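For reference, the structure is listed below as structure tokens.
The residues of the chain are indexed from 1 along the displayed sequence. Just so you know, these numbers use all the heavy atoms, side chains as well, and skip hydrogens, waters and symmetry mates. All figures in this text were calculated on a predicted structure; none of them were measured in a lab.
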Amino acid sequence: VKDKEKYFQCVAISRTSNPLGPYARYAFRYDAFNDYPKFGVWPDGYYVSYNMFQSATGPFLRSTTCALERDKMLLGEAARMMCVDVPQGGLLPADLDGATPPPAGTPNYVLNFQPDTLNLWRFSVNWAVPGKSAFSGPERIRVNSFDPACDGGECIQQPGQGVLLDTLADRLMFRAAYRNFGTHRSLVVNHSVKVNLGKGASTSGIRWYELRNLEGTPAVHQQSTYSPDDTARWMGGIAMDKMGNMLMGYSASSSKVHPSIRITGRSVDDPPNTMAAEMTVTGGGGSQTVSRWGDYTSLTLDPVDDCTFWFTTQYVRSDGGFVWRTQFSKVRFTSCTTQP
């Protein structure tokens, strides 16, 4: 929201368990255009990252990550904000899944990537003594070599259209899903990478990671690039249920396949670094005549059973410009029945 060259992030917090009930509403002010907000829920705050621009038309200035005073916001009271800046773009805060919180005092984890590396920062907020808050990092986690799909830009083909769709492959995709299993803690995240097909051709695949040992020296527990054929896959979301089963949803498109919604996943007992055969949730009915695509995709867990995944993303029914629709897909592993 812009008001006379002042910019705000509006946040509404439900006052009851009924989403149709009353909300406490907040407006947090920034001195630059706070673009592409990505939220993470944590015990000591709501964490949000932005790419900051001088104005709505640029240029890029920095990334800003802020903690919002969650305890006050849940009560509908005046709430504070603490922010830190880094020169790199595309930061993503961790978002808590499940009923088990992180160990007491655990900072929020904030990630982005650089060539062949994940960067991890730790954001520790002290609301009682703000001066004791800390933002440390980055810790560099080496991963399998990759190049961003389309060099981070537009290259996704569609049937019958000269318009190439944008991958946003210059950043991690929402969410960075964190879960405390008791015996270990996991953080899963994904982004779109270049997959070479030979003879100079390439496509986009989904690179995914599970990180562990977050309290010590963070390390990749498993990782892989999902690209079973020459169809492009991008704009992914990934999370784990309470049993440790993992689901990944994404868009898929090619010169022969209209942009569609597909999913894959892995059971907790599957061999490491592997995903199962994919399923099509919604087949596309047309091609889009503008390049920007579905970058507010989200894959979340239903808090009622902690087994049901909800995947929210874009699709189109017919050719056109801004004719997109939103699909809400419900998926559950049959093995997810009891608390581990």
Criterion side-chain contact (heavy atoms from CB on, under 4.5 Å) on F146 and D116, from CA distance to verdict:
CA-CA 6 Å; F146 68 84; D116 305 336; 4.1 Å; yes
Go through the structure and list residues passing salt bridge (charged side-chain N to carboxylate O under 4.0 Å, His left out) with R266, not counting sequence neighbours.
none
Check the pair T225 / S227 against side chain to side chain donor-acceptor pair (under 3.5 Å), numbers first and verdict last.
CA-CA 6 Å; T225 298; S227 181; over 6 Å; no
Can N126 and S133 be counted as having a side-chain donor-acceptor contact under 3.5 angstrom?
no
For Y30 and M81: C-alpha separation, side-chain torsions, deciding distance, then whether side-chain contact (heavy atoms from CB on, under 4.5 Å) applies.
CA-CA 11 Å; Y30 300 92; M81 174 176 68; 3.1 Å; yes
Any donor-acceptor N or O pair under 3.5 Å, side chains N51, D35
no
For W324, is the CH2 atom crowded, meaning more than 12 foreign heavy atoms sit under 6.0 Å from it?
no
Mind checking whether F33 and Y7 have parallel, tilted or perpendicular rings, split at 30° and 60°?
tilted
Name the residue from C155, S204, C150 that meets the side-chain contact (heavy atoms from CB on, under 4.5 Å) definition with W234.
S204
Heavy atoms from other residues, nucleotides or ligands near CG of D151 exceed 12 (cutoff 6.0 Å):
no
Do the side chain of S260 and the main chain of G283 share a donor and acceptor less than 3.5 angstrom apart?
no
Should the ring pair Y296 and Y36 be called parallel, tilted or perpendicular, given that the plane angle runs from 0 to 90° and is split at 30 and 60?
tilted
side-chain contact (heavy atoms from CB on, under 4.5 Å) between M173 and I206, worked out:
CA-CA 10 Å; M173 291 288 97; I206 305 288; over 6 Å; no
If you take all heavy atoms of I156 and A232, which pair is closest and at what distance?
CD1-CB, 3.6 Å
Has R29 got more than 12 heavy atoms of other residues, nucleotides or ligands less than 6.0 Å from its CZ?
no
Does either side chain, that of Y209 or that of H191, offer a donor lying less than 3.5 Å from an acceptor on the other one?
yes
Take atom CZ of R62 as the centre, draw a 6.0 Å sphere, and report whether it contains more than 12 heavy atoms from other residues, nucleotides or ligands.
yes
Could you give me the CA-CA distance, side-chain angles and deciding distance for R171 and D295, then say whether salt bridge (charged side-chain N to carboxylate O under 4.0 Å, His left out) is met?
CA-CA 11 Å; R171 66 200 72 179; D295 52 301; 5.8 Å; no
